[in-house]
Amino acid sequence: MVATYTLSQLKRWSFKGTALAVVGHPIEHSISPDMHNAALSEMAEGDAAFREWKYFRFDIPPALLSEAIPLFHSHGFRGINLTLPHKVQVLDLLKEIDPVARKMMAVNTLNWQPDGYYGYNSDGFGLSRALESDLGATLADESVIILGAGGAARAAAVHCLECGCRELWIGNRSVSRLKEMLSALKEQKSSNQIKGFDLAEIPRELPSSGILINATSLGLKEEDPSPIDLNRFDCSLKVFDMIYSPPRTKLMKNAEERGVQTANGFSMLVWQGFRSMEIWSQTKVPVEAMFSAGRRAVSDS
């Protein structure tokens with residue numbers, strides 16, 4: 001069973017090898033250690049240096065992140081994956097930010113450098129690969145609806161625009177947070193291409209087909225309702241839910257009842273992790289080992 005570490009344990013950290021980690025709050029559900037350590041095990045067969053690499057899991061509350069990041073750096077953690085709720089907050093704690101991640105206003109991958117951590121975002125890469133493999137979909141010239149306005153939604157929105165989607169609709173429960181995200185996005189792209197809406201008041205002009213991406217937390221709990229009513233959508237709609245556990249959310253179940261094609265966030269998780277490992281290791285990464293280990297971890301949870 002994968003251990004979950006805390007800030008107090010980080011303060012006393014002692015590991016002679018090359019450490020990697022996933023950091024979030026909560027984090028006990030994360031299968032990232034299973035995937036990355038499986039990849040490292042296979043990589044070690046071709047390069048003995050990777051025998052000293054290991055990927056850990058840390059639960060760090062938001063209030064403690066500013067204290068934790070310098071500690072990770074001083075202890076030599078080569079790479080860190082960030083998940084909820086740290087992807088936006090970490091921006092102020094980094095030495096450099098990749099131009100694409102800066103546009104996304106969110107970072108999920110930290111790479112150690114002598115003067116501090118450099119931030120990247122592999123979510124867009126993971127999203128495109130998952131849409132292609134699981135739904136046979138591409139973002140270019142497509143109508144895209146994103147639900148949510150957090151770090152994952154921001155990354156997805158910028159990636160959709162970079163890929164040349166025809167129009168981008170963003171729905172959120174918090175209107176103030178939605179306006180903040182729309183304002184930032186419209187500084188980068190044509191305002192006519194980007195539109196927002198309150199999830200409590202679905203606009204009539206919202207596209208009835210295209211790709212719908214759930215980037216909200218609704219669905220993490222079995223009792224969670226669907227973030228949007230699908231009755232007004234065409235059966236040609238493709239639904240992608242970034243949540244991978246549980247494997248079928250209420251949104252996905254409702255979509256499947258209408259004959260709508262769906263996919264969860266498992267493939268996206270693997271592909272973004274694959275890209276992070278490429279950044280850290282600068283070598284070929286065995287993605288199939290990550291998929292196999294991830295599937296086992298999900299089935300065991």
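Everything quoted here is computed from the prediction, not taken from an experiment.
Here the closest non-hydrogen pair linking N108 and S122 is OD1-N, 2.8 Å. The two residues D134 and N264 make their nearest non-hydrogen contact at OD2-O, 4.3 Å. In terms of heavy atoms, P61 sits closest to H86 at C-CE1, 3.9 Å. Of all heavy-atom pairs spanning W53 and W280, the tightest one is CH2-O, 3.7 Å. Summarising the geometry of G273 relative to M290, their closest heavy-atom pair is C-CE, 3.7 Å, with the distance given to 0.1 Å. In terms of heavy atoms, N121 sits closest to A101 at N-CB, 3.8 Å.
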For this session: Apply the test salt bridge (Lys or Arg N to Asp or Glu O under 4.0 Å) to residues E67 and K11: give CA-CA distance (whole Å), side-chain angles for both, the deciding distance (0.1 Å), then the verdict.
Result: CA-CA 10 Å; E67 183 180 359; K11 291 177 179 178; 3.2 Å; yes
Problem set entry | D198/R173 under salt bridge (Lys or Arg N to Asp or Glu O under 4.0 Å): CA gap, chis, key distance, verdict | CA-CA 6 Å; D198 184 342; R173 290 169 289 177; over 6 Å; no
For this session: Report the C-alpha distance between C160 and I146 in whole Å, list the side-chain angles of each, state the deciding distance to 0.1 Å, and finish with yes or no for side-chain contact (heavy atoms from CB on, under 4.5 Å).
Result: CA-CA 10 Å; C160 290; I146 295 176; 4.3 Å; yes
For this session: Would you check, one step at a time, whether the test side-chain contact (heavy atoms from CB on, under 4.5 Å) holds for C163 with T138?
Result: CA-CA 9 Å; C163 289; T138 56; over 6 Å; no
Problem set entry | Working for side-chain contact (heavy atoms from CB on, under 4.5 Å), residues V107 and Y120 | CA-CA 5 Å; V107 161; Y120 301 84; 5.9 Å; no
Problem set entry | side-chain contact (heavy atoms from CB on, under 4.5 Å) between T283 and D47, intermediate numbers included | CA-CA 10 Å; T283 192; D47 186 342; over 6 Å; no
For this session: Step by step, work out the salt bridge (Lys or Arg N to Asp or Glu O under 4.0 Å) result for K103 and E162.
Result: CA-CA 10 Å; K103 285 183 179 180; E162 292 288 313; 3.3 Å; yes
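Residues I213 and L147 are not in side-chain contact: their nearest non-hydrogen atoms beyond the backbone lie 4.5 Å or more apart. The shortest distance between side-chain heavy atoms of V175 and K179 falls below 4.5 Å. For the pair F233 and I228, the minimum side-chain heavy-atom distance is below 4.5 Å. At least one side-chain heavy atom of I170 sits under 4.5 Å from a side-chain heavy atom of L185. Between H159 and D123, every side-chain heavy-atom pair lies at or beyond the 4.5 Å cut-off. L131 is listed as a side-chain neighbour of F240, based on a closest heavy-atom distance under 4.5 Å. Two residues are said to be in side-chain contact when any heavy atoms from C-beta on lie closer than 4.5 Å; T249 and D224 fail this criterion. The closest side-chain heavy-atom distance from L230 to L237 is below 4.5 Å.
Proximity of a side-chain donor or acceptor of H36 to a complementary backbone N or O of M277 within less than 3.5 Å is not detected. Looking at Q9, its side chain does come within 3.5 Å of a backbone N or O of T6 through a donor-acceptor pair. Proximity of a side-chain donor or acceptor of R12 to a complementary backbone N or O of S8 within less than 3.5 Å is detected. In this structure a side-chain-to-backbone donor-acceptor pair under 3.5 Å is missing from K87 to G151. Of the possible donor and acceptor atoms, none in the side chain of S41 sits under 3.5 Å from a partner among the backbone N and O of N37. Between the side chain of R57 and the main chain of V23, no donor-acceptor pair closer than 3.5 Å is present.
With hydrogens and angles left out, the side-chain atoms of T4 and D59 include no donor and acceptor closer than 3.5 Å. Side chain to side chain, D34 and Y55 fail the donor-acceptor criterion of an N or O pair below 3.5 Å.
A cation-pi contact, defined as under 6.0 Å to the ring centre and within 45° of the axis, links R129 to W271.
Salt bridge present: E180 and R154 bring a charged side-chain N and a carboxylate O closer than 4.0 Å. Ion pair R248/D241 not flagged as a salt bridge, since none of the NZ, NE, NH1 or NH2 atoms sits closer than 4.0 Å to an Asp/Glu carboxylate oxygen. Using a cut-off of 4.0 Å between Lys/Arg side-chain N and Asp/Glu carboxylate O, R102 and E96 are scored as not salt-bridged. With respect to the salt-bridge test (charged N to carboxylate O, under 4.0 angstrom), the residues K253 and E256 do not qualify.
With ring centers used as reference points, F58 lies under 6.0 Å from F72. Checked against a 6.0 Å centroid threshold, the rings of F15 and F77 do not count as neighbours.
There is a path of hydrophobic side-chain contacts, each under 4.5 Å, that joins L10 to W112. The cluster map of Ile, Leu, Val, Met, Phe, Trp and Tyr, joined by side-chain heavy atoms under 4.5 Å apart, puts M43 and F56 in different clusters. Hydrophobic clustering of Ile, Leu, Val, Met, Phe, Trp and Tyr side chains at less than 4.5 Å, counting indirect connections, keeps F197 apart from I194. The hydrophobic cluster containing L269 also contains L40, counting ILVMFWY residues as joined when their side-chain heavy atoms lie under 4.5 angstrom apart, directly or transitively.
In E201, the CD atom is not crowded: 12 or fewer heavy atoms of neighbouring residues, nucleotides or ligands sit closer than 6.0 Å. By the 6.0 Å contact criterion, CZ on R232 is enclosed, its count of non-hydrogen atoms from other residues, nucleotides or ligands being greater than 12.
Going from atom OG1 of T109 over to atom CD of E278 covers 11.0 Å, rounded to the nearest 0.5 Å. Of the inter-residue distances, the one linking L199 atom CG with S226 atom OG reads 9.5 Å to the nearest 0.5 angstrom. Here OG of S143 is found 10.0 Å from CG of L168. Values are rounded to the nearest 0.5 Å. If you take CG on L220 and OG on S245, they are separated by 8.0 Å, rounding to the nearest 0.5 Å. One distance of note links CG of L82 with CG of L91; it measures 9.5 Å at 0.5 Å rounding. Distance SG/C165 to CD1/I145: 11.5 Å, rounded to 0.5 Å.
Between F274 and F125, the ring planes lie parallel to each other; the angle is under 30°, not in the 30° to 60° tilted range. Note: H29 and Y244 have tilted aromatic rings, judged against thresholds of 30 and 60 degrees for the angle between ring planes.
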